[in-house]
Amino acid sequence: MTAKTSESRAHAALHAVAEPAERLTLAQAVNQALRQEMERDPSVLVLGEDVGRDGGVFRVTEGLLDAFGPDRVMDTPLAESGIVGVAVGLAAAGYRPVAEIQFMGFMYPAVNQLFAHVARYRNRSRGLFHLPMVVRMPYGGGIHPPEHHSESYESLLLNTPGLKVVVPSNPADAKGLLLSAIRHEDPVVYLEPKRIYRAFREEVPTAAVPIPLGKARVAREGKDVTIVAWGSMVRQALEAHEALGREGVSAEVLDLRTLNPLDLDALLQSVEKTGRAGVVHEAPRNSGFGAEIAALLQERALLSLLAPVQRVAGFDTVFPLSLLEAHYLPHRERVVAAVRRTLEF
Amino acid sequence: MTAKTSESRAHAALHAVAEPAERLTLAQAVNQALRQEMERDPSVLVLGEDVGRDGGVFRVTEGLLDAFGPDRVMDTPLAESGIVGVAVGLAAAGYRPVAEIQFMGFMYPAVNQLFAHVARYRNRSRGLFHLPMVVRMPYGGGIHPPEHHSESYESLLLNTPGLKVVVPSNPADAKGLLLSAIRHEDPVVYLEPKRIYRAFREEVPTAAVPIPLGKARVAREGKDVTIVAWGSMVRQALEAHEALGREGVSAEVLDLRTLNPLDLDALLQSVEKTGRAGVVHEAPRNSGFGAEIAALLQERALLSLLAPVQRVAGFDTVFPLSLLEAHYLPHRERVVAAVRRTLEF
Amino acid sequence: MPKRTIYEAVTERLEILDKDGKADKALVPRLSDEQFRTLYRNMVWMRRFDEKALNLQRQGRLGTYGSLRGQEAAQAGLALAMEDGDWMVPSFREHGIMMLRGIPGHLIYAFWKGDERGSRFPEGTRCLPPAIPVGSQLLHAVGVGLALKLRGEDSVAVGFAGDGASSEGDFHEALNFAGVFRPKTVFYIQNNQWAISVPFKQQTAAGSIAQRAHGYGIPGIQVDGNDVLACYAAAKEALERARSGEGATLIEAHTYRMENHTTADDAKKYRPPEELEYWSQRDPVARMRVFLQSRKLWSEAEEASFLEEASARVDRDVEALEAMPAPHPSEIFDHMYSELPWNLVEQREALLNEVGR
Amino acid sequence: MPKRTIYEAVTERLEILDKDGKADKALVPRLSDEQFRTLYRNMVWMRRFDEKALNLQRQGRLGTYGSLRGQEAAQAGLALAMEDGDWMVPSFREHGIMMLRGIPGHLIYAFWKGDERGSRFPEGTRCLPPAIPVGSQLLHAVGVGLALKLRGEDSVAVGFAGDGASSEGDFHEALNFAGVFRPKTVFYIQNNQWAISVPFKQQTAAGSIAQRAHGYGIPGIQVDGNDVLACYAAAKEALERARSGEGATLIEAHTYRMENHTTADDAKKYRPPEELEYWSQRDPVARMRVFLQSRKLWSEAEEASFLEEASARVDRDVEALEAMPAPHPSEIFDHMYSELPWNLVEQREALLNEVGR
Ligand SMILES: Cc1ncc(C[n+]2csc(CCOP(=O)(O)OP(=O)(O)O)c2C)c(N)n1
Ligand SMILES: Cc1ncc(C[n+]2csc(CCOP(=O)(O)OP(=O)(O)O)c2C)c(N)n1
Ligand SMILES: [Mg+2]
Ligand SMILES: [Mg+2]
């Protein structure tokens, strides 16, 4: 609660320039960004499974079909490779498709198109063709669904050069970052933390105010330790910040917002200040992006590190079905414990 | 040359028990392992594109069709998802398929089968079904081919729990590790460093002597620094060892052999001894497996580390076509330079 | 004639019961009265099982659930045609036939409750765990069918998928591999007209899924999926073909999803009520009842006792479900590999310490 | 009749020139003498270009090269049917038609030499870079064709693939999307009978690729791919259909790969010599020459001058290729994104220091 309100204050501040604002959920913020970009730019198209008449299984594209018609909001056949592959052609021929993969767990059939083509087209054609397209994917756990509906595969995207990867953690960022992603000239994979689609409302500027890609956000200032997180896990980091605060530990929370390109300066600045760091993600620990964060910190800030960078991650297992899901997901206590390890090292 | 001969001596020694031996290339060693397992166990099958009549585009499966017939050596249609998906059914119903993906660069269409099914079947069925299957993939650069024929995607496999990942660096290991992989009860992705398929011959035990999975190999003993490598990059590490030796630097070369499960003990033991480490791989640096190695070392050996773990990796770019390939691939001088950075830190 | 015909074939549809349950005598399969009764009873049982699941879900005793209402004939007809040793390679809406093939109902409920133990079926049931990534499992059905052929076994693998799944690349690869390798496989596609909110006519411009078979050199047939006799007959023929080594068949069971896609869905948003009306008039259970009546194989009294029996079985399933102890947290780790690697040992330890074993 | 027909599938094949080049008068497309000559000349040119490439490769002046020998008619016929504004979405064996569509030969050679600059085509050529993952590009052709439809452009996108590629899931997804969205797209499948060492009959149990169209609600036709007039006529019809908004067509050009798969392959290991013999007797260039002769459109003298002209053009391509400066190492980084992120700045710097700029 307190975390929530103080966070929204933080945003209100960040976006003070951009009043008037309204209180939206993350899902509504994404919807508004899509709507505003489609109004602004006729070359923006939306395609995917159930994005039209149904308005998306999370109701994120609700109302777009009525507003823009079936030529700009396309319910596709059930085929992820087809969705991304057709988007490639649309983008190469001058459109700005925003493709939806219904759940990141169903990204796999699209991996050939995404990794072999979307990520490579500009380089392959030495700049003649580039693909200004966005692939939206709800990701992560917390909604108690069947198998394959809870996964976080960002690490796979990050070892594949050519894709920008953006992950908002709150409604205001969700809107501002998506605006930038749609206007961006490089392909962007835009990951939506589905567990917080409706978890809370926050002030979101009514106007279309893009938030630049590649810039992290200090969600909480602190001096003893840096907690690095993105997307859904920022909530856990903020809760840990509150809990640690009560123990007199001042934890800085760095919300990366963009995973590629990483905001290295913000990362180093924070850790050089605090001397301690932990990184939180839902994906399995092994070869997860937390490893890259730790590797970079020991590479570039070893002498500032008073303790090993701690990783709080999913287990190196399949994401469990709902009865065991709560055991898998990183939570406040695990973040707090990791921070303690850095303090007690 | 010296590296080569001294290395083969090292192996000859390692396998002293296993005489008689013959001098084979890595490709011949893989072929021999397949042949011996197919003779030993009628449930072992080989399937893939061009593996039959053609004997494989690298001639690795040469002679198997004639020896075992079309029911056990299947030339499949051109469809990677089909190859792996059909292998899943064969394995679930009691066979031990060894599927080939012609190049790791064409793994993407098979990722849904490999990651959503092969890696998960045992867990999904709570142990009722498991998949004793191997997926062989020639990987890595150095052969000057068209696009998609040079890639190293091991990091994608490693962030996906459920797959054992094995990478031999020499003919003797190639045979011994493949024997274990085929006999193993868990699915194994077996990566073959195509650039050294025929680069050299070494003593390989004629008998079928499995080399256990999950055990790294100290390819060279050293006391000043540990160079971690696998597959094709072990050559570069060994060349660096020689070059450094001439400068009086004693570099230990650790050949991981198995990437999942990682031989953590061997890794820590070596680095706690040397206090310095570098890791070499062809895949892009960002979120590559080198990050995991560095993350683990700073997590578990921070106080032994006299310098940051150095990563010598491919660039965070698409793997270039042949005219620029040599600039991309890690080579001896880059490894030596990285080691110097650890010494001069 | 300028162009020369290089391929000519037709796609057929089989119907035995008309929409009101009147049978085409000539086509009625030679089954015993008891078998006719069984077909009907099994559908009644499935429907009970399904209604109970929806109930439990509403009460929060199950998670998201996918109803099979409307598809009872498609599953009961096939079930009667299958032999004991045959394999099932299901998608996620096959729980009706799974029950008929010996999978305990409480396990099926457990699956929908979010418990992996629900997919550990009794030894020998020869049913692979339900596959969620649509279409992908059809390749497994080809692999199993190929294994059966290679071993010279007398059994067949039946692979299931939906109309939406037929748009995935794996559908194509599976049918093409099946044409080439002639496995002991039957592809059983339940075309229930909807893939969540996408109607079949937006899923493909082909008028049927059955006609896809022309692209793979295997036989294909459409069957009235709400006609349990037709489903039985078509399945029987295809299973025999596979069993005798003549290769795979594509069966499209043309049926209808009477419920929401799952309990997480609201079909009112996208589905015209007239359509529901139209299909309600073709209810598979009602049609078979008319057939039984026409053969004097049905009575109020028997109906009542089926229902009671069915309800009792379903209640026992619920009891068994709720008697299952909570899964132990270590289950997250214990089935990943044949042995626990060091990282899972550590992570398992950490979790057990956290939850206090 | 027990079963009711719901679909009748007929697939046709178009041939105009017989194996010896004799034309079916009624079918000969209405083209000017100059156009007939052009078709022939273009094939001669392609063959020269191809022979030179094989030569360069043997001398180590090109890398692995994939010959198009035998497929000249399939590419020349289509090229003549296409309009200036049309798009090409090639695979890796379309260099013949790429040249005819204005892609400089030295760029094509550069591609096979291992130089990405070879895929930066001149502005406005409307040709996407060659795609190596087989089949995947057909989806791009659907996307481009859809863009053309949405913008109401009068152009068409032609997507290319081979017989092997038709087994990939993306082939299916592309044809199915095309049926549903009716893009301005033509699928042009050159069935050259081999996918490296796998013959077409092992690639699929379907007798043709053209008959796959029945599964997607789009027209499909097979054409004698060694008959340049038939290829032109079939392509023309399909392009017009797409142009006028009537949707996509699947064309199977039934031809033959006369060379090894690539210079890295040795077809002797798997290919019966009789087969080569059979197809040599159906050589596309020879057949068109006979046709020209029958129309008095050919003479020794002209032939000699074409050949000289073709050789001269090809030699200029080689000169242009070898006049290209070596690519700068920074090219590895410069086209990854719209701007260089910090990690590429660092890595680029490091490389430039290493090679000494
Ligand atoms: C590869 C993949 N993409 C998306 C989904 C999400 N999803 C679950 S069911 C479904 C619709 C399936 O339709 P159909 O194949 O007709 O089966 P039905 O639900 O009608 O039984 C979708 C899109 C999925 N499970 N798998
Ligand atoms: C997805 C994928 N898998 C494997 C390969 C390797 N490969 C290159 S060409 C080829 C055969 C292609 O045959 P076909 O589609 O008939 O085209 P052709 O070479 O005959 O022109 C294969 C298997 C590839 N390029 N892409
Ligand atoms: Mg359906
Ligand atoms: Mg071919």
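Just so it is clear: chains get the letters A, B, ... in the order the sequence lines come, proteins before strands, and each one is counted from 1.
- Taking the six-membered ring for Trp and thresholds of 30 and 60 degrees, Tyr328(B) and Phe319(B) have ring planes inclined between 30 and 60 degrees apart.
- Using a 4.5 Å cut-off between heavy atoms, Glu333(B) makes no contact with chain D at all.
- Among Asp170(D), Val355(D), Ile332(D), Thr64(D), the residue with the largest count of heavy-atom pairs under 4.5 Å with chain B is Ile332(D).
- Interface remark: Thr317(B) contributes backbone and side-chain atoms alike to the contact with chain D (heavy atom separation under 4.5 Å).
- For residues 45-64 of chain B, the interface with chain D (any heavy-atom pair closer than 4.5 Å) comprises Asp50(B), Arg53(B), Asp54(B), Val57(B), Arg59(B), Glu62(B), sorted by residue number.
- In this structure, Phe187(D) has its ring center at least 6.0 angstrom away from the ring center of Phe171(D).
- What you find for Tyr270(D) and Pro272(D) is that their closest heavy atoms are O-CD, 3.8 Å.
- Contacts with chain D (heavy atom to heavy atom, under 4.5 Å) involve these residues of residues 97-107 of chain B, listed by number: Gln102(B), Phe106(B).
- With a 4.5 Å cut-off on side-chain heavy atoms, Phe111(D) and Pro130(D) count as touching.
- Between Gln190(D) and Gln75(D), the side chains place a donor N or O and an acceptor N or O closer than 3.5 Å (distance only, hydrogens not considered).
- For the residue pair Gln310(B) / Arg341(B), a side-chain donor-acceptor distance below 3.5 Å is found, with atom types taken as modelled.
- Remark: aromatic rings of Tyr109(D) and Phe49(D) are close, center separation under 6.0 Å.
- Within the 4.5 angstrom heavy-atom criterion, atoms from both the backbone and the side chain of Ile196(D) approach chain B.
- For His327(B), the parts lying under 4.5 angstrom from a heavy atom of chain D are both the backbone and the side chain.
- Only one option out of Gln71(D), His261(D), His254(D), Glu259(D) pairs with Asn192(D) in a side-chain contact (heavy atoms from CB on, under 4.5 Å); it is Gln71(D).
- Chain D forms more heavy-atom pairs under 4.5 Å with one residue of Ala79(B), Gly82(B), Pro145(B) than with any other, namely Ala79(B).
- Neither the backbone nor the side chain of Ala350(D) comes within contact range of chain B, judged by heavy atoms closer than 4.5 Å.
- In this structure, no portion of Pro129(D) lies under 4.5 Å from any heavy atom of chain B.
- Taking the six-membered ring wherever Trp is involved, the centroid distance between the rings of His95(D) and Tyr65(D) falls below 6.0 Å.
- When heavy atoms are compared at a cutoff of 4.5 Å, Pro146(B) approaches chain D solely by way of its side chain, counted from C-beta outward.
- Both the backbone and the side chain of Val198(D) come within less than 4.5 Å of a heavy atom of chain B.
- At least one side-chain heavy atom of Met98(D) sits under 4.5 Å from a side-chain heavy atom of Pro90(D).
- Of all the heavy atoms in Val73(B) and Leu65(B), the pair that sits closest is O-CD1, 3.7 Å.
- The closest side-chain heavy-atom distance from Met46(D) to Leu68(D) is below 4.5 Å.
- Within the 4.5 Å cutoff, the side chain of Trp194(D) has heavy atoms near those of the Arg271(D) side chain.
- Chain B forms more heavy-atom pairs under 4.5 Å with one residue of Gln202(D), Lys113(D), Glu354(D) than with any other, namely Glu354(D).
- Ring planes of Phe160(D) and Tyr188(D): perpendicular class, angle over 60° (limits at 30 and 60°).
- In terms of heavy-atom pairs under 4.5 Å with chain D, the best-connected choice from Leu321(B), Asp75(B), Thr76(B), Leu324(B) is Leu321(B).
- Taking the side chain as every heavy atom from C-beta outward, Ile209(D) and Asp163(D) approach each other to under 4.5 Å.
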